[in-house]
Amino acid sequence: MTVATDFTFKLMPFRLAAAVVALLVVGGALFLRGPDPITHPLPVMAQRPVILPDASALYVQRNEVTVAEWNICHVEGSCTLHLRARADLDPATTPATGLSYVDVSEYLTWINAVTGHDFRLPTASEWEFMAQSVLPDAPDPIFTDPSLTWASAYLTEGLAPRALKPQGSFSVSPEGIADLDGSVWEWTQDCYAGADEGISAARCPAFFVGGEHIAAMSFLVRDPARGGCAVGTPPAHLGMRLVSDERV
């Protein structure tokens with residue numbers, strides 16, 4: 001007669017959550033049954049795609065990537081950075097911030113590998129287009145002399161909120177995209193030097209980020225207060241949002 005008995009014990013955690021392994025005893029033989037695989041649900045996308053000026057559809061993540069979503073990538077060894085939410089914020093609803101372009105590239109490689117989908121960052125023009133319905137109209141310049149455009153920018157910008165808040169704290173676009181006008185500025189895939197100059201993303205020193213205005217940030221910067229942007233108020237926080245050219 002064969003008797004099967006199951007019991008479980010916790011191993012030392014190789015990941016953030018402790019792995020649970022089952023021992024199965026059948027007819028005196030001992031078998032090791034591994035933990036169930038981690039599931040990777042697809043990111044939640046906005047209700048409707050953004051229809052771009054060329055009539056193509058852009059599928060956009062409803063919210064920015066959160067701390068909890070990011071840390072799954074870290075736990076699985078694909079993202080170097082480990083994030084912590086403030087004590088008064090829930091990691092599941094707090095945007096992942098303090099991200100450099102290198103960091104977001106790691107996340108993109110991971111999310112595409114585990115979901116089998118083709119996610120990417122938006123271009124700067126795509127970001128501006130999808131945010132235009134929730135961002136305030138650009139004010140008239142204070143100076144008309146083109147050489148003083150930079151001065152106009154510094155004097156008229158800086159009106160957006162800067163405190164980090166949970167997802168859903170700001171406006172929602174007609175397509176259902178949340179917080180494009182919030183305090184998190186989002187990386188785009190466009191190199192500041194410009195594609196026309198023939199610089200590949202792998203060699204680009206700075207990329208555009210979308211927020212109150214389009215700014216340029218060094219690809220290594222995680223804290224925008226210590227980095228720099230070409231013109232205007234520095235971003236408050238650096239985060240990311242996924243887009244796709246295909247329905248998710």
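Just so we're clear, the structure is a prediction, and the values are computed from it rather than from any experiment.
Between Gly168 and Asn63 the shortest heavy-atom distance is N-ND2, 4.2 Å. Minimum interatomic distance between Glu106 and Cys73 (heavy atoms only, all atoms of both residues): O-SG, 4.5 Å. Asn112 and Phe119 get closest at one heavy-atom pair: OD1-N, 2.7 Å. The two atoms that bring Met217 and Trp187 nearest to each other are CB-CH2, 3.7 Å, heavy atoms only. Nearest heavy atoms, Pro224 versus Pro235: CG-O, 3.1 Å.
In this structure, Trp185 and Glu212 have side chains that are in contact, with non-hydrogen atoms separated by less than 4.5 Å. In this structure the side chain of Val102 reaches within 4.5 angstrom of the side chain of Leu220, judged on heavy atoms. Annotation: side chain of Tyr101 is not in contact with side chain of Leu238 (no heavy-atom distance under 4.5 Å). Annotation: side chain of Leu121 is not in contact with side chain of Trp127 (no heavy-atom distance under 4.5 Å). The closest side-chain heavy-atom distance from Asp179 to Ser171 is not below 4.5 Å. Arg48 places a side-chain heavy atom less than 4.5 Å from the side chain of Pro174. Put simply, the side chain of Val172 does not reach to within 4.5 Å of the side chain of Ile177, judged on heavy atoms. Contact check for Leu164 versus Pro95: side-chain heavy atoms found under the 4.5 Å cut-off.
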Worksheet item: side chain to side chain contact (heavy atoms under 4.5 Å, CB included) between Leu81 and Trp70: does it pass, once the steps are laid out?
Response: CA-CA 9 Å; Leu81 188 64; Trp70 179 274; 4.1 Å; yes
Item to complete: Check the pair Glu76 / Val114 against side chain to side chain contact (heavy atoms under 4.5 Å, CB included), numbers first and verdict last.
Response: CA-CA 10 Å; Glu76 297 199 346; Val114 298; 4.1 Å; yes
Item to complete: Evaluate the criterion side chain to side chain contact (heavy atoms under 4.5 Å, CB included) for residue pair Val67 and Asn71; output intermediate values, then yes/no.
Response: CA-CA 6 Å; Val67 170; Asn71 281 338; 3.6 Å; yes
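Between the side chain of Ser183 and the main chain of Ala163, a donor-acceptor pair closer than 3.5 Å is present. Panel note: side chain Glu128, backbone Ser125; no donor-acceptor pair is recorded below 3.5 Å.
Using cut-offs of 30° and 60° for the angle between ring planes, the His82 and His74 rings count as tilted. The aromatic rings of Tyr192 and Phe208 sit perpendicular, their planes meeting at an angle over 60°, well past the 30° parallel limit.
For the atom pair CD (Glu175) and CG (Leu180), the distance works out to 9.0 Å, reported to the nearest 0.5 Å. The structure places CD1 of Ile51 at 8.5 Å from CZ of Phe129, a figure rounded to the nearest 0.5 Å. In this structure, the separation between CG on Asp245 and OG on Ser56 is 7.5 Å, given to the nearest 0.5 Å. Taking CD of Glu64 as the start and CG of Leu99 as the end, the distance is 10.0 Å to the nearest 0.5 Å. The distance from atom CG of Asp223 to atom OG of Ser100, rounded to the nearest 0.5 Å, is 12.0 Å. Within the model, atoms SG of Cys79 and CH2 of Trp110 stand 7.0 Å from one another, a figure rounded to the nearest 0.5 Å.
Of the N and O atoms on the side chains of Gln167 and Thr94, not one donor lies less than 3.5 Å from an acceptor on the other residue. A donor-acceptor pair shorter than 3.5 Å cannot be found between the side chains of Asp190 and Thr188.
The existence of a salt bridge linking Glu126 and Arg120 is confirmed by a sub-4.0 Å separation between a basic side-chain nitrogen and an acidic carboxylate oxygen. Ion pair Glu186/Arg241 flagged as a salt bridge, since at least one NZ, NE, NH1 or NH2 atom sits closer than 4.0 Å to an Asp/Glu carboxylate oxygen.
If you chain together hydrophobic residues whose side chains sit under 4.5 Å apart, Val243 and Leu135 fall into the same group. Hydrophobic clustering of Ile, Leu, Val, Met, Phe, Trp and Tyr side chains at less than 4.5 Å, counting indirect connections, keeps Val65 apart from Leu89. In the hydrophobic clustering of this structure, Ile214 does not group with Phe170; members are Ile, Leu, Val, Met, Phe, Trp, Tyr whose side-chain heavy atoms approach within less than 4.5 Å, directly or through other members.
Considering Leu108, Val184, Val209 as possible partners of Met240, the one that fulfils the side chain to side chain contact (heavy atoms under 4.5 Å, CB included) test is Leu108.
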